[in-house]
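All remarks here apply to the structure that follows.
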Amino acid sequence: MAEQAKSPPKLGIAARAMQALGGAPAPDYLAALNPEQRLAVETLHGPVLVLAGAGTGKTRVLTTRIAHILRLGRAHPSQILAVTFTNKAAREMKHRIGEMVGQIVEGMPWLGTFHAIGVKILRRHAELVGLKSNFTILDVDDQIRLIKQILEAANIDEKRWPARIFAGILDGWKNRGLTPDQVPAGEAMAFANGKGKELYAAYQERLKTLNACDFGDLLLEQLRLFRHHPDVLADYQRRFRYILVDEYQDTNVAQYLWLRLLGQPRSNTTAVIPARREAAEPESRTGNDGLRVRAEDGAPRNDDISGPARTLRNICCVGDDDQSIYGWRGAEVDNILRFEKDFPGATVIRLERNYRSTGHILAAASHLIAHNEGRLGKTLHTEDVPGEKVTVTGAWDSEEEARAIGEEIEQLQRKKHKLDEIAILVRASFQMREFEDRFVTLGLPYRVIGGPRFYERAEIRDALAYLRVINQPADDLAFERIVNVPRRGLGDATVKQLHDHARMSRVPLTEAARAMIETDELKPKPRGALRDLMTAFDRWRTQAAHLPHTELAEIVLDESGYTEMWQKDRSADAAGRLENLKELVRSMQDFENLNGFLEHIALVMDRDADGITDAVSIMTVHSAKGLEFDTVFLPGWEEGLFPHQRSLDESGRAGLEEERRLAHVAITRARKRAKIYFATNRRMKGLWNSTIPSRFLDELPEAHVEVTEAKGGFGGMGGYGSMGGMRGAFGGNSRFDNFAPAASSYATPGWQRAQKRQRDDDAFGGFGDEASEYESAARYANDDEGLSGSAYSVDSPPPLRGRVREGGDFSPRPGSHSSRGAGASRGRFAARREPLTIEGELVAKSTGVSSAFARGDRVFHIKFGNGNVVAVDGNKLTIQFDKAGEKRVVDSFVERV
DNA sequence: GATGCAACGCTTTTT
DNA sequence: GCGTTGCATC
């Protein structure tokens with residue numbers, strides 16, 4: 001029965017599955033599926049590829065399939081391997097399966113991320129790959145510090161060959177499943193004059209001494225394990241009767257190989273040993289400094305992987321080639337495009353009925369993505385109403401864009417839309433700031449998703465380092481991190497001595513330290529400090545045995561002086577850091593012991609959303625994948641930003657297609673409203689650039705898109721059409737060429753005045769044209785020098801703004817904002833705010849209720865820290881922050897201290 | 001060991 | 001423009 005035709009009659013399969021159920025009527029969970037979904041759930045034999053377009057019920061299929069397998073008794077929970085990319089996805093799956101099966105699925109030990117499963121397997125067989133089962137998992141920070149040490153030891157100038165770059169290269173190799181000896185000679189040449197390979201080998205060796213793995217190793221070491229120990233592999237192949245993979249389009253080569261190994265027929269294990277495959281792209285990742293990494297040898301791909309699996313195994317991959325947006329970190333769309341070749345006899349099922357978005361949105365997204373060539377092709381359709389058209393709105397600059405979006409959100413809010421159902425999805429994270437600033441002013445609750453994660457904060461890592469040393473004394477990286485934090489007189493000199501000693505005796509640093517306390521190599525002062533520290537660690541280790549780990553953490557933070565260090569720190573974020581430490585201890589409660597906790601944080605770097613009840617979400621398009629909202633705002637659709645210039649430069653056509661997929665992902669996040677924006681001027685890297693609308697806008701179907709009219713203000717701005725000339729250089733006209741910036745918010749007297757002044761002045765048009773033409777020409781000549789040369793300088797913001805500022809009453813207050821550092825942002829903020837206040841906008845937005853705060857109050861703001869209230873205006877406070885300077889904020893954002 | 005200044009870089013991000 | 005980082009200096 002393995003020999004099913006590729007396109008079996010759909011009902012046949014379903015019917016057969018029904019028979020398997022003994023002719024009983026389909027259970028509820030099946031009845032709720034559409035025919036294709038049902039086929040995907042019920043095709044339980046042989047490889048299955050489910051191409052699940054956005055919003056077609058992908059997760060539902062996966063979870064139902066698992067529930068179905070369990071219900072039919074085809075496998076025990078422990079015989080199902082289900083892999084996801086993120087912990088979030090894993091959690092969600094577990095939850096939903098539990099709901100369906102009607103109980104908590106404790107018994108699904110092999111449902112998790114690639115990495116979590118990797119750790120589990122590696123811990124069991126650690127000794128077979130040269131590790132001990134309590135090995136540490138290094139995060140990126142540790143990894144870079146380790147590389148630095150390796151580079152130093154090899155006498156490589158870190159200036160010329162930065163550790164970060166090498167970390168990137170290493171990552172690339174590991175993503176492709178390459179061990180040091182497998183690195184193509186050409187690529188190895190590219191770093192440090194051909195030392196790449198050696199360095200990689202040295203790094204791996206060092207990891208072994210540290211009894212540690214980096215993230216890449218969690219996969220790579222498994223490949224090694226399986227290849228060198230076929231018996232172990234066979235054992236897992238036997239165990240996993242069903243394999244399910246989520247987001248298959250995001251798998252990298254290493255993950256692909258891993259799946260191939262596990263998904264292969266058992267008999268075939270010996271054929272696999274030399275498995276190796278080059279990256280799909282002939283030309284690939286680039287470093288800086290002209291460091292081009294190429295796959296020099298055009299080795300035929302995939303030829304050394306064992307031939308087609310002879311016996312079909314039950315592997316089911318779910319993915320969407322149109323949502324592959326992680327090529328830059330090693331994902332290979334190719335894996336999904338080639339599934340049928342890799343797994344002959346595979347059943348391919350397309351899920352094309354979309355349950356998420358209304359008609360216009362879906363049509364717009366489909367039309368856009370149809371411009372891509374390398375795709376399997378799906379046609380999404382919906383039975384939903386057409387709904388609202390996708391809107392495209394032009395804004396003068398990014399500030400106005402933020403203002404217009406803010407306004408639209410307030411309108412939605414007035415119509416009782418939930419803020420939780422609104423998201424702003426940006427291409428690059430620097431775009432977020434503009435919105436944050438705007439929302440703080442408006443008093444609009446928002447949450448930023450992504451950004452520095454909880455466990456990446458310095459204070460958290462420090463605290464963890466202490467715990468890591470207690471847990472595993474050989475953890476040199478952790479030890480080094482905190483040996484002099486807080487300062488205890490163990491500076492670089494002492495640490496270097498420790499290092500020397502450790503290297504000579506080939507022992508971990510802690511051991512070296514222990515030895516050196518007994519000798520008089522060290523000066524008395526550091527020696528004493530070191531002895532104290534080691535005694536403390538001994539004590540904590542003893543306590544660890546009988547105290548609850550949360551208590552231990554508190555003791556350690558306290559006795560080490562770490563808490564005190566932050567208490568004494570007077571900077572704005574010290575309070576937040578202490579709060580984070582408390583949160584850390586709190587979060588430890590969820591774990592049985594220190595070990596479990598440390599493992600969790602190494603792998604589960606995600607943090608649950610903060611407690612804000614109803615708020616607009618701001619995030620990158622990347623982090624929005626998998627999410628959905630009623631209303632989605634998509635700012636920044638401009639050439640150079642979206643599609644991103646670097647993506648085009650580095651990956652050419654493939655890059656453009658990935659950007660287009662990203663745009664497709666962005667639009668398909670919307671259920672009811674997708675609102676696209678572009679600005680004609682944007683500041684990037686400190687310079688104002690005039691920009692042209694994204695080519696993706698032209699690729700949207702006119703019938704489903706509404707180009708919103710400027711609502712007054714800039715009506716008569718034919719003269720602004722500087723973009724016609726720019727398009728000339730670009731080739732072909734865009735219907736957005738003469739687009740007037742949206743000015744919905746500019747019906748204010750101030751703007752009318754500014755506009756009038758500008759018209760009277762009439763000098764602006766010429767300037768705009770000239771600069772823009774030069775700029776776009778330079779851009780398409782792909783000449784970076786020219787590009788920055790053509791951009792407006794920092795001192796001359798885009799023409800209109802410049803005019804406004806220069807016009808007497810709008811100029812920033814002199815003197816008061818001139819301080820540097822943190823004050824700089826204040827200057828930026830205040831200079832812009834001022835005119836708005838004058839024009840009464842802020843007053844108009846005030847609730848009228850007098851604030852609970854008074855002048856002189858000492859307050860705390862989550863973002864800006866502590867400060868003093870210098871003025872109160874309704875619910876708007878002007879606060880002089882200690883660190884962040886003077887800002888106007890809404891009172892609900894601060895609390896009294 | 002703290003402080004200050006110059007230099008760098010700046011898409012997307014999980015584990 | 002702005003935040004981070006590394007080095008030099010006191």
Side-chain angles (χ1 to χ4, degrees), chain A residues 83-90 112-119 137-140 143-144 148 158-159 162-165 168 171 174-175 213-219 247 250-252 254-255 288-289 324-331 425-433 449-453 455-456 458 484 486-494 599-606 619-626 636 640-651 655 658-659 661-662 665-666 683-688 784 788 791 793-795 797 820-825 827-828:
Chain A
V83 264
T84 64
F85 274 84
T86 65
N87 294 297
K88 205 173 144 197
T113 62
F114 277 98
H115 293 85
I117 288 168
V119 173
I137 301 158
L138 300 188
D139 58 35
V140 186
Q143 203 185 347
I144 296 214
K148 276 189 181 162
E158 227 242 272
K159 273 273 157 55
R164 280 185 39 236
I165 302 288
D171 215 45
K174 290 191 172 186
N175 280 340
C213 265
D214 63 19
F215 283 121
D217 287 341
L218 294 181
L219 273 161
E247 307 276 18
D250 286 339
T251 47
N252 62 34
Q255 288 157 339
N288 290 345
D289 303 334
S324 161
I325 55 175
Y326 285 107
W328 51 274
R329 69 178 197 209
L425 310 183
V426 297
R427 173 65 183 83
S429 51
F430 76 86
Q431 293 171 262
M432 293 182 183
R433 259 194 81 167
I449 294 170
R453 270 169 290 284
Y455 294 111
E456 279 169 21
N484 202 29
R487 312 247 172 232
R488 43 175 78 90
L490 297 169
D492 294 346
T494 316
E599 170 120 344
H600 167 85
I601 52 108
L603 287 172
V604 187
M605 283 288 217
D606 65 351
M619 66 186 104
T620 63
V621 181
H622 281 94
S623 40
K625 196 170 96 165
L641 177 58
F642 201 7
H644 201 281
Q645 193 59 40
R646 216 164 129 178
S647 189
L648 303 182
D649 291 346
E650 282 176 12
S651 315
E658 181 153 317
E659 294 285 308
R661 290 194 291 267
L662 197 52
V665 167
R683 193 169 51 191
M684 291 171 93
K685 302 177 190 175
L687 295 172
W688 282 99
D784 283 354
S788 54
S793 80
V794 182
D795 309 292
R820 287 262 75 106
S825 72
R828 200 170 66 86

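Order of the sequence lines sets the chain letters (A, B, ...), proteins ahead of strands, with each chain counted from 1.
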Can you find a heavy atom in the side chain of [X] that is under 4.5 Å from one in the side chain of [Y]?
X	Y	result
A:W328	A:E650	no
A:D217	A:H115	no
A:L662	A:H644	no
A:L603	A:T113	no

Closest to the [X] side chain, choosing from [options]:
X	options	result
A:S623	B:dT13, C:dC2, B:dT14	B:dT13
A:R683	C:dG3, C:dG1, B:dT14	C:dG1
A:N87	B:dT13, B:dG1, B:dT15	B:dT15
A:A428	B:dT15, C:dC2, B:dT12	B:dT12
A:R433	B:dT15, C:dG3, B:dT13	C:dG3
A:T113	B:dC10, B:dT15, B:dT13	B:dT15
A:R329	B:dT13, B:dC10, B:dG1	B:dT13

Problem set entry | Comparing A:R488 and A:S429 on DNA chain B - which has the more 5′ nearest nucleotide | A:R488
Exercise. Can a side chain N or O of A:T620 be found less than 4.0 Å away from OP1 or OP2 on B:dT13?
Worked result: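 For B:dT13, OP1 or OP2 has a side-chain N or O of A:T620 closer than 4.0 Å.
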Starting from [atom2] on [N], measure out to [atom1] on [X] and report it in whole angstrom.
X	N	atom1	atom2	result
A:Q255	B:dT14	CD	P	14 Å
A:M684	B:dT12	CE	P	10 Å
A:H644	B:dT12	NE2	P	7 Å
A:L641	B:dC10	CG	P	16 Å
A:D250	B:dT13	CG	C1'	11 Å
A:H622	B:dT12	NE2	P	9 Å
A:H600	B:dT15	NE2	C1'	13 Å
A:N175	B:dT15	CG	P	14 Å

Partners passing side chain to side chain contact (heavy atoms under 4.5 Å, CB included) against [X] (at least two apart in sequence or in another chain):
X	result
A:T620	A:V426, A:S429, A:M432, A:H622, A:S623
A:N252	A:N175, A:A254, A:Q255
A:A458	A:R481, A:R577

For this session: Quick one: label A:G489 by what it contacts on the DNA or RNA (base, sugar-phosphate, nothing), any heavy atom closer than 4.0 Å.
Result: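 Sugar-phosphate, no base atom in range.
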Exercise. Reckon A:V140 touches a base, only the sugar-phosphate, or nothing at all at heavy-atom distances under 4.0 Å?
Worked result: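 The residue A:V140 makes base contact.
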For this session: Give a yes or no on whether a salt bridge exists between A:K174 and A:D214, defined as a side-chain N under 4.0 angstrom from a carboxylate O.
Result: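 Salt bridge: yes.
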Exercise. When rounded to the nearest 0.5 angstrom, what is the spacing between OH in A:Y326 and NZ in A:K625?
Worked result: 6.0 Å
Problem set entry | Evaluation steps, side chain to side chain donor-acceptor pair (under 3.5 Å), between A:D139 and A:Q143 | CA-CA 6 Å; A:D139 58 35; A:Q143 203 185 347; over 6 Å; no
Exercise. Stacking here means centres under 5.5 Å and planes under 30°; does A:W328 stack on B:dT12?
Worked result: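 A:W328 vs B:dT12: stacking yes.
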Problem set entry | Any residue meeting ring pair (Phe, Tyr, Trp, His ring centres under 6.0 Å) with A:F114, in chain and number order, not counting sequence neighbours |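 Here the qualifying residues are A:F85, A:W258.
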Write down the protein N/O and nucleotide N/O pairs, taken from nucleotides 6-10 of chain C, whose separation is under 3.5 Å; answer none if there are no such pairs.
unit_1, atom_1, unit_2, atom_2, d
C:dG6, OP1, A:K148, NZ, 3.0

Give me, pair by pair, the N or O atoms of the protein and of nucleotides 2-8 of chain B that are less than 3.5 Å apart, along with how far apart they are.
unit_1, atom_1, unit_2, atom_2, d
B:dA2, OP2, A:R487, NE, 2.6
B:dA2, OP2, A:R487, NH2, 3.4

Exercise. If we take the C1' atom in both C:dC2 and B:dT13, what is their distance in whole Å?
Worked result: 22 Å
